[in-house]
Amino acid sequence: MNQRIFLLLIILLSLFVAVISLGGIFIPATYLHETADWRAQGIAQDIFDLCFAVPALLIATWFYLRGSRIAFFTVVGQLIFLIYTLIIYAFSLHFNAFFLLYCFTLGLASYLLIYLLWQTGSLNVKGWFAIERSVTLPMIYLLSFAALFYMLWLNEIIPALISSSTPAALAESGLPTNPVYVLDLSILLPGFVITALLLKRRHALGYLFTPAIMTFCATMTLSIATLVIYEYRSGLATSFTVALIMIALAIVSIVVFLRTIQGVRSGSLFGELRT
């Protein structure tokens, strides 16, 4: 795939996400069958995607296509975020006029991510980093982030299982199960732990996924903060403290990301591909 086609597909993906977001914000029928809590979260997510996720993806792609190695990690992280979000849209919203667009957008984002990961077969990603630099900080970050969210979700799930009840957050959403529980506990958080272990072994995949995960985490925590603030302003039962915690986690993610990529050597990504 040449750079022009990749750019066109990223622009198409961004347009799809923008249409989905505008539909959720301005067309009441989109979330007509959702509970008040889930509707508010959907609208807040649409606002975040339109105002932050789409511009961030386009900016990162522009630098990536100019050969930036750091932007490569950022694009991967942003695509993971969009895939995560679109899975929730496609599987957890009542059937609506945007269903096919959810599916097409999820597919496009997934295949673009697969392409970027396939492309790393021609890249010496590990060689971009100064191997002599310590990996302790990013390892602690990955394991701590995983532990925090494991504790957060299990604190909601285990008492409900013991009492044969439904977690309060799940009851408020009106869903049969929480897609965030499923994605985090089955795929995302184990992935954080595996990446930390790979990084400890100085494996190339550890160097590939660590900055991408940090990008994802910064974006996701800002997204959660947006959802909480929107719910708070809408008069729904929520704690503004959660938003402050998520913003703090986003800042930590950005700081650790910047410290991690300090070890990335200069050079043209596409120049390396040509060789």
Side-chain angles (χ1 to χ4, degrees), residues 1-21 45-87 105-120 122-123 125 128-129 138 141-142 145 188 191-192 195 205 207-226 247 249-273:
M1 184 190 303
N2 63 41
Q3 296 179 42
R4 179 172 296 181
I5 293 175
F6 183 84
L7 176 60
L8 290 175
L9 290 176
I10 286 290
I11 292 173
L12 183 63
L13 173 64
S14 300
L15 289 174
F16 283 174
V17 174
V19 170
I20 289 171
S21 299
Q45 186 65 58
D46 291 329
I47 293 171
F48 180 84
D49 291 347
L50 185 64
C51 297
F52 182 87
V54 168
L57 177 63
L58 290 172
I59 292 170
T61 300
W62 186 80
F63 282 104
Y64 159 69
L65 293 176
R66 290 174 61 87
S68 170
R69 293 171 171 178
I70 294 171
F72 174 83
F73 299 122
T74 308
V75 174
V76 171
Q78 292 295 338
L79 286 174
I80 293 173
F81 170 78
L82 287 177
I83 291 168
Y84 182 100
T85 302
L86 288 161
I87 287 173
T105 309
L106 173 59
L108 179 56
S110 299
Y111 281 109
L112 284 170
L113 177 62
I114 291 170
Y115 167 73
L116 286 180
L117 297 180
W118 168 79
Q119 189 183 52
T120 61
S122 303
L123 301 172
V125 176
W128 296 352
F129 292 82
Y141 167 89
L142 291 168
F145 214 100
L188 200 66
F192 286 14
T195 300
L205 289 177
Y207 286 99
L208 168 62
F209 283 110
T210 295
I213 288 174
M214 291 173 183
T215 300
F216 168 84
C217 289
T219 308
M220 179 56 68
T221 47
L222 287 175
S223 171
I224 296 172
T226 302
I247 292 172
L249 287 175
I251 293 172
V252 170
S253 298
I254 293 169
V255 169
V256 179
F257 173 82
L258 293 174
R259 289 289 300 275
T260 301
I261 63 172
Q262 279 182 346
V264 175
R265 305 178 191 277
S266 61
S268 172
L269 184 151
F270 293 108
E272 184 178 348
L273 279 172

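Throughout, residue positions are numbered sequentially from 1 according to the sequence presented.
- Atoms CE and OG1, from Met220 and Thr85 in turn, are 4.5 Å apart once rounded to the nearest 0.5 Å.
- Here the options are Leu113, Leu106, Leu108, the test is side-chain contact (heavy atoms from CB on, under 4.5 Å), and the partner is Ser110; only Leu106 passes.
- Using a 30° and 60° split on the angle between ring planes, Phe129 and Tyr207 fall in the tilted class, from 30° to 60°.
- Aromatic rings from Phe63 and Phe72 are positioned such that their centres are separated by 6.0 Å or more.
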Expected list for residues 45-56: side-chain donor-acceptor pairs under 3.5 angstrom, two or more places apart:
{"residue": "Gln45", "atom": "OE1", "partner": "Ser223", "partner atom": "OG", "Å": "2.9"}
{"residue": "Gln45", "atom": "NE2", "partner": "Asp49", "partner atom": "OD1", "Å": "2.8"}
{"residue": "Gln45", "atom": "NE2", "partner": "Ser223", "partner atom": "OG", "Å": "3.3"}
{"residue": "Asp46", "atom": "OD1", "partner": "Tyr31", "partner atom": "OH", "Å": "3.4"}
{"residue": "Asp46", "atom": "OD1", "partner": "Tyr89", "partner atom": "OH", "Å": "2.5"}
{"residue": "Asp46", "atom": "OD2", "partner": "Tyr31", "partner atom": "OH", "Å": "2.5"}

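- In this structure, Cys217 and Ser253 approach most closely via the heavy-atom pair CB-OG, 3.8 Å.
- In this structure, OG1 in Thr61 is found 13.5 Å from CZ in Arg66, a value given to the nearest 0.5 Å.
- Here the side chains of Leu9 and Tyr115 are not in contact, with every heavy-atom distance at 4.5 Å or above.
- Two residues are said to be in side-chain contact when any heavy atoms from C-beta on lie closer than 4.5 Å; Leu13 and Leu57 meet this criterion.
- Here the closest heavy-atom approach between residue Ile5 and residue Asn2 is recorded as N-OD1, 2.8 Å.
- Here the straight-line distance linking atom OG1 of Thr219 with atom CG of Leu82 works out to 8.5 Å at 0.5 Å rounding.
- Looking at Val76, Leu208, Thr195, Ile80 one by one, the single match for side-chain contact (heavy atoms from CB on, under 4.5 Å) with Ile213 turns out to be Thr195.
- From Phe16, atom CZ reaches atom CD1 of Ile11 across 12.5 Å, with rounding to the nearest 0.5 Å.
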* To do: Mind running side-chain contact (heavy atoms from CB on, under 4.5 Å) on Leu116 and Phe6 for me, showing each step along the way?
  => CA-CA 10 Å; Leu116 286 180; Phe6 183 84; 3.9 Å; yes
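- Residues Leu58 and Ser14 share a closest heavy-atom pair of CD2-OG, 3.3 Å.
- For the atom pair CG (Leu15) and CD1 (Ile10), the distance works out to 11.5 Å, reported to the nearest 0.5 Å.
- Between Val264 and Arg69, the shortest heavy-atom contact is CG1-CB, 4.2 Å.
- Smallest separation of non-hydrogen atoms from Pro211 and Thr260: CG-CG2, 4.5 Å.
- A perpendicular orientation is assigned to the rings of Trp128 and Phe73, their planes being inclined by more than 60° (bins at 30° and 60°).
- Neither side chain, Gln78 nor Thr215, offers a donor N or O lying under 3.5 Å from an acceptor on the other.
- Using a 4.5 Å cut-off on side-chain heavy atoms (C-beta onward), Leu117 and Phe209 make contact.
- Using cut-offs of 30° and 60° for the angle between ring planes, the Phe145 and Phe192 rings count as perpendicular.
- Atom CD1 of Ile251 sits about 7.0 Å away from atom CD1 of Ile247, to the nearest 0.5 Å.
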